[in-house]
Amino acid sequence: MDRVIIFDTTLRDGEQSPGASMNVAEKLHLAVQLEKLGADVIEAGFPAASPGDFEAVRAISQKVDNIQVAGLARTSKGDIDAAWGAIKEATNPRIHTFIATSDIHLEHKLRMSRDEVVQTAIESVKYAKAFTDNVEFSAEDASRSDWDYLCRVFEAVIEAGATTINIPDTVGYAMPGEFGELVAYVHEHTPNINKAVISVHCHNDLGLATANSFAGVNSGARQVEVTMNGIGERAGNTSLEEIAMTIQTRGGLLNLKTGINTKEIFPTSRLVSMVSGIVVQPNKAVVGANAFAHEAGIHQDGVLKNRMTYEIMDPEMIGLSSNRLVLGKHSGRHAFRDKLKSLGYDFNSEEIDRLFVKFKELADKRKEIFNEDVEALVGEEILRIPDIYQLRYLNVVSGTVTVPTATVRLLVKDEEHQSAEFGVGPIDAVFNTIAKLTKTNSKLVRFAVNSITGGMDAQGEVTVRLQEDGLVALGKGTDPDIITASAKAYINGLNRLEHLKENPAKNMDDINL
Ligand code: KIV
Ligand code: ZN
């Protein structure tokens, strides 16, 4: 069987999803999880984009060992220097440099001739090659480029030393048959193609990213660029889980394999959703909440008799455990630590202590604690940053005849402050009071509440997205009381906004691609 290289770009293209920016600690957690998942390469970021990106890529390069770490760079010496500076400590670093090759981009964006682009691409690959042998070159908007010109560019960059050549369908425009033919054309008409791995990188604007990637693989591509949950610019990228599980399920037909440990798919999907704030749609292939739910009576009957009737994958294969009931009020630290381990989380003892206190508080309120509850606690720990604002007390009055009023006491930079405000509803009253106490002026651009498990006493998980002065931050809070969960989420969002002000993440609008 042929091995397909899985190049994960959740931390780079995935992070280009609107509002998905992650901080360094979150990126590190995710990089470690992607290593555990068995991805071959992670694109850790775009180091020239911002000091925050540079630091994150460097921290990841220092942390992981069993995975290649790629840094993205435009075809400029400055970008390549930044990429190398950030990845040079990785065990196996890769410089990924790119320039557009379609006439649309050449005329309207780059304002360069075809010859100039070829020359620039050659010089950049040679420049990158002086740092490392592992150089990938991408022809942005390849699917809308002239095929012969594309082959000319690829021949030149392979000659200059590129070891992987990537064919992106940057705008998700290609159709599977057409994209397969393009990859086959590159294969046949690039004389030195045997010196490089062909890669495909597809966007999902027409919902064809996975189909296009497979069309590319059928024509000889042996690297697929993907993101977990398919997150990414606009409609996203090819989903890692769809590629990995299709190869796993239909490997016999395809004669292909990957190095993905499929049991880590679900934990990775949860982590990505947690840190990016992008909720997985329920009907999402492989990792959606309904992917293994059987609603129709005939289906339920069939599955009970034999799962094969309506299930093509075993849920346990993607790491969905059937053992959901886990802990209770009397569970000790040891059982709690073991449960964290079985869910795939490796925390140090200080982190476990903090989580255990929260677990006990929760266990006092709820009889049964499910895996999802433990994961919500983990999510709060991962999203934790040094808190400037902390909730000390909350009292809310609301009802059919009462004006909703909230009284909130907050610790603001080590000093307690208390105030009360009205609102159109209890949550509005809470947010108004918190905004007054923190003297902040952020705009609430998203509010979502989810039930973590089934049941009347389920915990509510609130996600907010806050915007202030062009910065966007995600906040999360969980509690059996959804008003308290909302207060926690809002405060978490404000803390993250403060953190962002001190460590500005990149603003993709400022980057001239
Ligand atoms: O979509 C695209 O073309 C890209 C390149 C930078 C590979 O993300
Ligand atoms: Zn892309």
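What you see is a predicted model, and the numbers here were worked out from it, not measured in a lab. In each ligand, atom 1 is the first atom listed, and ligand 1 is the first ligand listed. Hydrogens, waters and symmetry mates are skipped; everything else that's a heavy atom, side chains included, is used.
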Less than 4.5 Å apart, side chain to side chain, heavy atoms only: is that true for Phe214 and Phe179? no
I'd like to know if the side chain of Glu35 and the backbone of Asp65 have a donor-acceptor N/O pair within less than 3.5 Å. yes
Is there a nitrogen or oxygen of His96 sitting under 3.5 Å from a nitrogen or oxygen of ligand 1? no
Between Phe46 and Arg12, is there a cation-pi geometry (under 6.0 Å to ring centre, at most 45° from the normal)? no
With a 4.0 Å cut-off, would you call Lys284 and Glu241 a salt bridge? yes
When the side chains of residues 169-176 are checked against the rest of the protein, which donor-acceptor pairs come out under 3.5 Å, sequence neighbours left out?
unit_1: Asp169; atom_1: OD1; unit_2: Ser143; atom_2: OG; d: 2.6
unit_1: Asp169; atom_1: OD1; unit_2: Tyr173; atom_2: N; d: 3.1
unit_1: Asp169; atom_1: OD1; unit_2: Ala174; atom_2: N; d: 3.4
unit_1: Asp169; atom_1: OD2; unit_2: Tyr173; atom_2: N; d: 3.2
unit_1: Asp169; atom_1: OD2; unit_2: Ala174; atom_2: N; d: 3.1
unit_1: Thr170; atom_1: OG1; unit_2: Asp141; atom_2: N; d: 2.7

Which residues and atoms, counting only protein N, O or S, are under 2.8 Å from the Zn ion (ligand 2)? Asp13 OD2, His201 NE2, His203 NE2
Under 4.0 Å between heavy atoms, the region of Asp13 that gets near ligand 1 turns out to be side chain
Do any nitrogen or oxygen atoms of Arg12 come within less than 3.5 Å of a nitrogen or oxygen of ligand 1? yes
Evaluate Asn166 for polar contact with ligand 1, using N/O atom pairs at a separation under 3.5 Å. no
CD (Gln281) and CG (Asn229) are apart, to the nearest 0.5 Å, by 10.0 Å
Decide if the gap between the ring center of His201 and the ring center of His203 is smaller than 6.0 angstrom. yes
For Ser138, counting its heavy atoms only, list the atoms of ligand 1 lying under 4.0 Å from any of them. 7 (C)
Carboxylate-amine/guanidinium contact Lys77 Glu123, below 4.0 Å: no
Touching ligand 1 at all, Glu233? Heavy atoms, strictly under 4.0 Å? no
Could you tell me whether the side chain of Glu225 reaches within less than 4.5 Å of the side chain of Ser199, counting heavy atoms only? yes
Does the pair Leu11 and Met22 meet the rule for a side chain to side chain contact (heavy atoms under 4.5 Å, CB included), with working shown? CA-CA 8 Å; Leu11 289 162; Met22 311 167 208; 4.2 Å; yes
Close N or O approach (His201, ligand 1; < 3.5 Å): yes
Per-atom filter on ligand 1: closer than 4.0 angstrom to a heavy atom of His203 are 1 (O)
Give me the residue, atom name and distance of the protein heavy atom closest to atom 3 (O) of ligand 1. Thr170 OG1, 2.6 Å
What atoms in ligand 1 come closer than 4.0 Å to a heavy atom of Glu140? 3 (O)
Test salt bridge (charged side-chain N to carboxylate O under 4.0 Å, His left out) on Glu155 and Arg152 and set out the steps. CA-CA 5 Å; Glu155 183 183 354; Arg152 182 181 150 207; over 6 Å; no
